[in-house]
2 protein chains.
Amino acid sequence: MRWADYDSETCSIARSVDILHDRWTLLLMRDLINGVHRFEALRAHLGVSRDVLSKRLAALVAAGVVERRSYQDDGERARAAYHLTEAGRELQPVLVALLAWGDKYLAGAAGPPAVLEHIGCGAAVSVRLVCDRGHEAAGAHVRLRPTEAARLRGES
Amino acid sequence: MRWADYDSETCSIARSVDILHDRWTLLLMRDLINGVHRFEALRAHLGVSRDVLSKRLAALVAAGVVERRSYQDDGERARAAYHLTEAGRELQPVLVALLAWGDKYLAGAAGPPAVLEHIGCGAAVSVRLVCDRGHEAAGAHVRLRPTEAARLRGES
DNA sequence: CAGTATCCCAAGCGATACTG
DNA sequence: CAGTATCGCTTGGGATACTG
């Protein structure tokens with residue numbers, strides 16, 4: 001297929017970007033995936049204003065990637081905490097890919113501030129594109145094939 | 001490490017997001033990686049204004065992920081085209097991860113408009129997180145370990 | 001075709017103050 | 001602590017017109 005035939009708006013990348021494209025959302029996801037769950041902790045760590053954090057969290061809850069939970073420590077009153085849903089956790093490859101790319105191209109002379117490691121064995125973790133038959137499938141070895149859904153849409 | 005110890009700004013994810021977080025950049029990268037290289041073709045396919053496209057391209061050239069080339073068809077005058085640099089091409093995993101996620105969670109009843117396939121064998125392509133010793137390393141089986149660079153920064 | 005210049009509007013964002 | 005309300009600034013972005 002010629003890529004230009006591929007509808008720019010219905011593209012899954014476009015839909016994903018629509019949810020994630022602002023300056024804070026991916027960093028917010030990063031913190032959530034790494035164990036920061038409370039409003040004030042998120043605000044302080046990200047350095048974002050309360051207002052924006054509130055809006056972002058609401059948007060992510062609406063999008064189904066974050067859920068709000070109440071919890072209660074002993075002797076304390078109930079508090080709210082935010083956790084990723086299954087859909088949210090599955091954005092991990094996006095974050096890892098961004099991390100790997102930033103490590104490689106933006107880290108500067110000092111090197112990356114942190115590396116991702118497999119807890120089981122301590123080896124470095126990387127992102128790979130593979131096909132169902134196990135072939136490495138990066139770069140030009142990959143193409144998009146339009147589905148029935150796209151064909152039907154095109155006819156309408 | 002406790003994630004909150006990890007500096008939010010020097011994080012490689014943050015640096016990457018800084019370059020990519022606007023509404024158009026990732027879609028622009030998508031089109032560039034898929035063979036749309038000319039200004040007017042990009043503008044038409046993305047549906048973005050000339051002004052913004054011009055700025056985005058300039059920013060991406062400055063960031064080193066896009067390069068501007070001149071080419072000349074027979075009998076035509078020279079024209080400009082934009083191509084990804086090596087660094088730009090290596091953002092492919094980010095795009096594939098976004099595509100896969102959108103396919104899974106945002107495609108709706110009709111299913112995704114296109115699927116990614118390995119040109120060699122036609123099998124579907126997916127993103128995997130693996131460690132250097134070949135272990136599958138997704139979800140909670142992964143952690144960030146601060147490097148010397150982070151320790152030095154923390155002391156300063 | 002490949003942009004730049006101008007204008008104006010809307011959205012994003014931060015600061016501050018306030019509420020339960 | 002966990003937010004909402006209000007304000008005003010700044011940036012992003014579309015429309016249109018213009019240039020090489």
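Each chain gets a letter, A, B and so on, in the order the sequences are listed, and its residues count up from 1.
- For Tyr105(B), the ring pair (Phe, Tyr, Trp, His ring centres under 6.0 Å) partners at least two apart in sequence or on another chain are Trp101(B).
- Using a 4.0 Å heavy-atom distance criterion, Arg50(B) is classed as a base contact.
- Summarising the geometry of Ala137(A) relative to Val125(B), their closest heavy-atom pair is CB-CG2, 3.8 Å, with the distance given to 0.1 Å.
- His135(A) pairs by the ring pair (Phe, Tyr, Trp, His ring centres under 6.0 Å) definition with His118(B), not counting sequence neighbours.
- Using modelled atom types, no side-chain atom of Glu117(A) and backbone atom of Ala123(A) make a donor-acceptor pair closer than 3.5 Å.
- Among residues two or more places apart in sequence or in another chain, the side chain to side chain donor-acceptor pair (under 3.5 Å) test is passed with Arg23(A) by none.
- What separates NZ of Lys55(A) from P of dA15(C) is a distance of 14 Å, to the nearest Å.
- Helical stems involving DNA chain C, defined as 3 or more consecutive Watson-Crick or G-U pairs under 3.5 Å, span C:1-20 with D:1-20.
- When each of Arg23(B) and Ser54(A) is assigned the nucleotide of DNA chain D with its nearest heavy atom, Ser54(A) is the one assigned upstream, toward the 5' end.
- In this structure, Ser70(B) contributes its side chain and Ala80(B) its backbone to no donor-acceptor pair below 3.5 Å.
- Along DNA chain C, the nucleotide nearest Arg56(A) and the nucleotide nearest Leu57(B) are compared for position; the residue whose nucleotide lies closer to the 5' end is Leu57(B).
- On the nucleic acid side, DNA chain D contacts chain B at distances under 4.0 Å to non-hydrogen atoms, with the end points of that region at dG13(D) to dG20(D).
- Checking Ser54(B) against Asp51(B) by side-chain atom types alone, no donor-acceptor pair falls below 3.5 Å.
- Take Arg79(A) and apply the side chain to side chain donor-acceptor pair (under 3.5 Å) test, not counting sequence neighbours, and it matches Glu76(A).
- Judged by closest nucleotide on DNA chain C, Phe39(B) is the one of Phe39(B) and Asp51(B) placed further toward the 5' end.
- Distance Arg43(A) CZ to dT16(C) P: 12 Å, rounded to the nearest Å.
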